[in-house]
Structure formats: structure tokens, C-alpha cells
**Q** 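Below is the structure I would like to discuss, written out as C-alpha cells.
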Amino acid sequence: MASHPLLSLDRVGKRYGETVVLADVSLAIARGSFVALVGASGSGKTTLLKTINRLRPADSGAILLDGRDVAAIPSPELRRSIGYVFQGIGLFPHMTVAENIAIVPRLTGVDAAGREARVGELLALVALPAELARRFPGALSGGQAQRVGMARALAAAPSLMLMDEPFGALDPVTRDEIARAYRALHDKLGLTTVMVTHDMTEALLIADRILVLDGGRIVADATPAELIAGHPDPAVAKLIAVPRRQAARLAELAAR
Amino acid sequence: MIDPALVQAVAELPGLVRAHVLLSGCAVAVGVAIGVPLALWAAGRPAVRAPALLFVGTIQTVPALALLALFYPLLLALDRLAGLGLPALGFLPAVIALSLYALLPIVRNGIAARQGIDPAVIEAADSVGMSRRQRLLLVELPLGAPVLLAGIRTATVWTIGAATLATTVGQPSLGNLIFSGLQTEDWLRVLTGCVAAAILALLADALLALIEAGVTRRSRWRLWTGLALLCIGIAAALIPTAGAAADRALVVIGAKNFSEQYILASAIEERLDKAGFRTLRRDDLGSAVAYRALAAGDVDVYVDYTGTLWTNVLGRSDTPPAGIMRETLAAALAKRDGVRLLGALGFENAYALAMRRNRAAALHVRTLDDLARVAPSLRLGSDIEFLNRPEWRSVAGAYRLRFAEMRSYNPTFMYRAIGDGSADVISAFSSDGRIAALDLVTLADPRHALPSYDAVVLVSPHYAKDARFTAALRPLIGAIPIERMRQANLMVDRDEDKRTPRGAADWLQR
């Protein structure tokens, strides 16, 4: 049996008033893949991501998750089955780290003992010390907060993770550290990840497959290696030019 | 030695505090029940938000006293339309008006509370799959609670202050002490009412502050202590009145807002008490409210004046002789409302224009005709309703009166004004003790523009045919001559050796 894709989009459209944000986007994402959605501001990448968990429902077309039309699933149920991590993190400031992480199990009716055990596992998974569990989000560093955000998204053991500029607000060192840690988790847990970023370098270094959006359309769909080799679309070429030039300069510097 | 007036005021405190707490508590509870959902609903919808804020803001611009007074005719009309048997006087209109008044701070802070939440937190709540209800209970309410509670605190303090005005629509409150004290110039009584209301407001504010701190700082003991004390306070106010409210055999004695009315109501009260009726006072009723309250059965007995009834209730503008006016009234009120005019007390409390004796002599003013001649250089001080009454239109038209200046005062301050010369002429009442005390003269009315104002006892339809009831009041009929009424009024209104209305009523019936 040929395994069907975990996620498939069929001519998904979205407009805000007169502006077309997504123009009949179709694509399929295989189980276990790590896909980066790259594009300039206003290219529609965040909107595309949010049509999947219906934070911004699509106007037209169909989105199938594991063969089920997402429009037919009640949104609370749909969202509890999908992990979501975003730049703003959005930890609940009145709840402890443990309560934040255990929120989805709490919503789905897991008992207190089960939740506590799960919090312990997840803190270990995102490499945070167990004593952080009792703290409130206000007492965390940016990197710690985003790790908690990831743990919260992973709490219900989702098969799909949606990430919207997840590392955008972190300093470069923390950012690299967390990005690599997440990629390792992705492989270890067998996740399927769709990550929005405007940073082509980040996309090239973390993803298996890169989709470039421009004006609500997919203008490139390739592996990092294929993309770095060159692309005919001028918008894509412009995006790839940056990391290539930087790599060349760095190599030059190292060679001196 | 402790002032007897203070002793009396303090003795009335427990009942009034209880009524005040219940009224304010209910009003704030209704305000919260309506305001919080309204705020949460409006917060996320700009199209609703602006009109909602405009609505609650507009209510706030209506003076609290006017808002309270408006609900009386409104409820009467509603009752006539729907026939629900709604009480138009007392608790219901007071609660409605105060709840509306409490809405502004609750709604405004409620909206601010919701808008103050970080959008990322709301996005996170949606993205983890919270239903709208879960988002409200787990995220929006806990995070918005401090700002929302601050709004409820403001509303509570306002409401406790404004509830003193409920007295004017016949709902007992601490305002009873303030309004009656103001009328009889019993400043200790006014002060007792004000201090009690202020302490109540501070206590409520402190308890809510404790609850607010409990929520903000996640301190359970603060939260529960605050809630427990609040519940105990409200429960204490509830328990004893539950028994009293069930007893419907109470006779309600009404009184308008001046000393003579308090004295006469006290006299009626004593007689009915002696005859074995259980009585309740509703003081400080507005002149227009009092009769309608009697016809509707909210008040069972009070003293009114033929001229007032003639113009306000029958809408007549002619001025027949006193006897004919009284007979016509008795027949018309009985036929129309089932109200019984039991009889005249024996004195008249007519509107009369009065001047200081020496000033009148200097200007050669004895009659209203004389007054018309010099009026353009004089200042008129009137009570609050006089200038809007048909009597004023009648007298001003008949004598072509025009004054240099006209000002309205609360009756007490009106007499002060003529005493200290800020007014030259006042709209005095003929039975007022201060006429003699201030050496005023009342001006003759040769054109009979002012109707007669015989004081008459009116009985509600419910007791109109109750022989035991009317027999108890019968001895008052024709028993109070004008000199004695003036003397009794003076006892209450003067500054020295003051008597309470009750004391004056005893003297009057000796």
C-alpha cells in the first residue's frame, strides 16, 4: 500500500478583501518530512500555515490531514491534534511552566498524575531542568520560554508540528542551539514539521524540503541542495543569493 | 450628655444600614451580571464596542437623582400595560437605576481588561484547541480579573454613595437620615447618615481590594477571606429582613420631604400603632410621586394639600372656594382611583409670597398688586418645585409679576436666603413656623390667584373602607389649627431647643 501524504492541500485560496493572499495553492507533504516555507513579508507563508489548523480558515479548496478534511473537524479537536509554535510563544503568564505544558492534556481530560508524569518527560525532552516546572513564564529567559512553548506543543504527541518563525526572537547563539535541538527531536519522534521562516539560511540548514512563496503562489519546491545549485525564478534566485554570498565570504575569510 | 437627636439617629442605623447594604449589593450584582458579559462580548467587536460605551456613558451623564425618579413613571406605565403587579416605588426602581449607574465602570474596565491581554496569549489559547468557553474561563477571566475587579470596586463605591438617593423613591437607605436631617436642620442626623455611608463604602472597597489582591497575587487566603467576609456581610443584611418582608399586613405611611409632613406622618403613625396596626414609614417622597404611590397602593396613608391635588392630580387651573374644592376632590379621587379623602386637618399650608416685615413696610407692599409694582428690582427665592407649578403661572399671570432674579432653593436654605437678605421675596408656606420666627409677612392675594391648600388625610383604596383604620385617624380631623401647626413646625425647624418630628407630633396631640 502506497502511504498517502500526511498533509495535502488542494487549490487552497484565501483573500482579504480585494487582496489575494493565497492563489490556489496545491501541495502534498509526506509523513516525517521537514518542510520550510520561505518568502518575503506578505508572500502568504504565515497565512498558508494558519489555514492548516484553521486559525485562518481557507476560503476555497480542501486541506486533508491524514485523509480527513480539516474543515469537517471541530476546530478545538483539530488544533489539539496539531502542535503549534510561534514567534510570540504566548505562554499563559498566570500559569506555571508545568501548567502551561500540561494544558492540552488538561483540555482532553488527562488526570493530574498523568499530566505530571507527562510534564516531566517533556521537560527532559526539550532539555530543561525539572525544577523549572514550578516557575512562572515571567521568570524564564527567551530561550527557555521557547523550549517550554515547544514542550507545550508536543504535549499531546501530535504527528504534525506547525511552526511560525519559531526562533525569530532569539539571539543567534540560542537560536542555533534551539534549532538544532528541535531538528533532533523531529528525527527522534518521527514528526512531520512545516516551518515558516523568512531566513533562507535557516531554511537551508534545517529543512529537507523548501517551498518558496511569492504573491500567494509556490514558485519553488526543492531540496536545499537543489536550491543552492540555482533556480530560474528571479524571486527565488534573489533569496538564494544571500546565503551563497555569505558562504563565499566566510570561506574567503577562513582561507586567509 | 448625648444629644437625643443623635441617639435617635443611631437607633435607626441598623435597619437603614441593612437596607442600604441589600440595595447596593443587589444593584452591583445586577450590574456585574449584565456588565461583564456585555464587556466581554463588546471587547472583540469594534462595531459593538463604541455603541456599548456610548450607552453606558450616556446613562452616567443623567444625574443619579433624575435617573431614580424616571423609573417611577416608567414602571407605572409598564405595569399598566402589562399588568404584572410590579411595585413602582421602593426597591425595584432603586435597584434598576443603581444597576444602570454601576454599568459604566464595569463595562469600561471589562473592555479594557480584555483588550489588555497580549494577543500572543490569545493566539496560543486558540492554537492549543481551547473552546471559546475554555478560553474565557482559563485565560481571559483570570488575566483580565485585576482590571475587571478594579471596575467592580469603583462601581461598588459609587453605588453605595448613590444609594442614599433611593430614599426619594421610597426605598429606605442611609439617605433617610441625610434627607430628613437636611429638612429639619438636624446636622447630627445628616452627619450620621454620611459617615455611615462612607464607612460602608470604605469597608466594601477594602474587602474587594482584598479579593483583587488575592486574584492578582494568586493568594488563596486573601481571596477566600475577602469572599467569606463579603458573604457574611450580605447574609447579615439578609437574614432579619427576610422575616419582615413576608409580613404583608404593614400599613405604609408616606411623607413628603419637609418637617410638617414628618410631624403629621408621626402623628398618624402613633395613632395607627395604638390601634394595633403594624406600620412602616416611607419618607421624602416627591410631591408628584406621593399621590400616585397612594393610588397604586404602594403607600396607604399620607397628608396632602387640596390645592396641590387640584392642579397636579385633576389638572385644573381654576381656583374655586376651599369647601367646593375639597368636595369636588373627594368625589373625583374616590371615583377615579378609589382613594378616600378622609377630611381636613384644620389648617392650610398654602403657597404665599412672603417678605421681611421691615422691607415690606419700607416698599409699601401689602398685597401682591403692590408687589407687582416693585418686583422688577427684587429677587425671588423659591423652593425647588414652585417655579414649575401651575400656581406660579397663575399668580405671575394674574399680577404680571416680573422679578430681577429668580432662584430655587431647598426650603431650609430658602428661609436662610430671606433671613440673610440674598432674597427679597420667597415662596413661603403659610403654616411654616419660620414665618413668625423670621418676622415675615405674607402678602394678600386680592385676585384669588392662589388656590386654597387645606391639609387633608388621604387613604389608599385598600384601607378606604376599613372602619377600624379610619376610626383610628378620625380624631386628627379638624383638630389642628394653623397656630398650633406653625408652632409644631417651628419646634422642629428652629436652631435651638430642637424637637424631633416625633416630639412635635406628641406636643401637637396633647
Side-chain angles (χ1 to χ4, degrees), chain A residues 46 49-50 52-57 70 73-96 99-109 134 136-138 145-146 148-156 158 160-166 168-169, chain B residues 36 39-40 43-47 109-110 112-152 208-224 226-227:
Chain A
T46 292
L49 191 79
K50 287 183 173 177
I52 298 168
N53 66 359
R54 302 221 335 252
L55 283 176
R56 286 184 201 159
V70 297
I73 307 172
S75 47
E77 188 193 324
L78 172 73
R79 292 172 192 162
R80 286 171 200 169
S81 70
I82 299 175
Y84 182 74
V85 178
F86 62 111
Q87 183 171 350
I89 309 175
L91 295 182
F92 304 121
H94 58 303
M95 297 184 189
T96 62
E99 286 168 334
N100 264 283
I101 293 174
I103 191 71
V104 180
R106 180 173 165 193
L107 296 177
T108 53
R134 290 176 192 285
F136 284 94
Q146 191 52 287
V148 173
M150 281 173 4
R152 181 174 68 182
L154 289 167
L160 177 65
M161 288 287 280
L162 302 179
M163 306 181 97
D164 186 5
E165 306 267 9
Chain B
V36 173
L40 292 172
R45 295 171 183 76
N109 278 43
R114 176 59 183 76
Q115 288 183 319
I117 300 174
D118 181 358
V121 170
I122 300 296
E123 187 176 348
D126 288 335
S127 73
V128 297
M130 287 190 189
S131 64
R132 290 201 68 104
R133 196 183 130 78
Q134 287 167 333
R135 190 177 85 184
L136 178 70
L137 293 177
L138 297 175
V139 177
E140 289 167 337
L141 279 181
L143 287 179
V147 178
L148 184 62
L149 279 173
I152 294 174
L208 290 173
L210 195 64
I211 293 172
E212 191 184 314
V215 171
T216 316
R217 298 201 229 161
R218 278 178 273 270
S219 153
R220 281 174 198 275
W221 76 263
R222 283 194 178 88
L223 181 63
W224 290 113
L227 283 174

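Every chain is numbered from 1 and lettered A, B, ... according to where its sequence line falls, protein lines coming before strand lines. Being a predicted model, the structure only gives us computed values, none of them experimental.
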**Q** Are side-chain heavy atoms of B:Ile122 and B:Glu140 found at a separation under 4.5 Å?
**A** yes

**Q** Quick check: do A:Val85 and A:Gln146 have side-chain heavy atoms less than 4.5 Å from each other?
**A** yes

**Q** Does A:Arg79 reach the side chain of A:Val104, with side-chain heavy atoms less than 4.5 Å apart?
**A**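 With C-beta onward as the side chain, the pair stays apart.
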
**Q** Where on A:Leu78 is there a heavy atom nearer than 4.5 Å to chain B: the side chain, the backbone, both, or neither?
**A**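 Nothing of A:Leu78, per the 4.5 Å heavy-atom cut-off to chain B.
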
**Q** Tell me, do A:Tyr84 and B:Val128 make a side-chain contact under 4.5 Å, heavy atoms counted?
**A** no

**Q** Can you tell me which portion of A:Pro74 sits under 4.5 Å from chain B's heavy atoms? Options are side chain, backbone, both or neither.
**A** neither

**Q** At a heavy-atom separation under 4.5 Å, does A:Leu91 approach chain B through its side chain, its backbone, both, or neither?
**A** backbone

**Q** Flag the pair A:Glu99 / A:Thr96 as yes when at least one side-chain heavy-atom distance between them is below 4.5 Å, and no otherwise.
**A**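 Of all side-chain heavy-atom pairs linking A:Thr96 with A:Glu99, at least one is under 4.5 Å.
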
**Q** Heavy-atom distances under 4.5 Å only: say whether B:Asp126 touches chain A with side chain, backbone, both or neither.
**A**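 Contact with chain A involves both backbone and side-chain atoms of B:Asp126.
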
**Q** Counting only non-hydrogen atoms closer than 4.5 Å, does A:Arg54 touch chain B with its backbone (N, CA, C, O), its side chain (CB onward), both, or neither?
**A**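 A:Arg54 has no heavy atom closer than 4.5 Å to chain B.
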
**Q** Please classify the contact of B:Leu138 with chain A as side chain, backbone, both or neither, using a heavy-atom distance under 4.5 Å.
**A** both

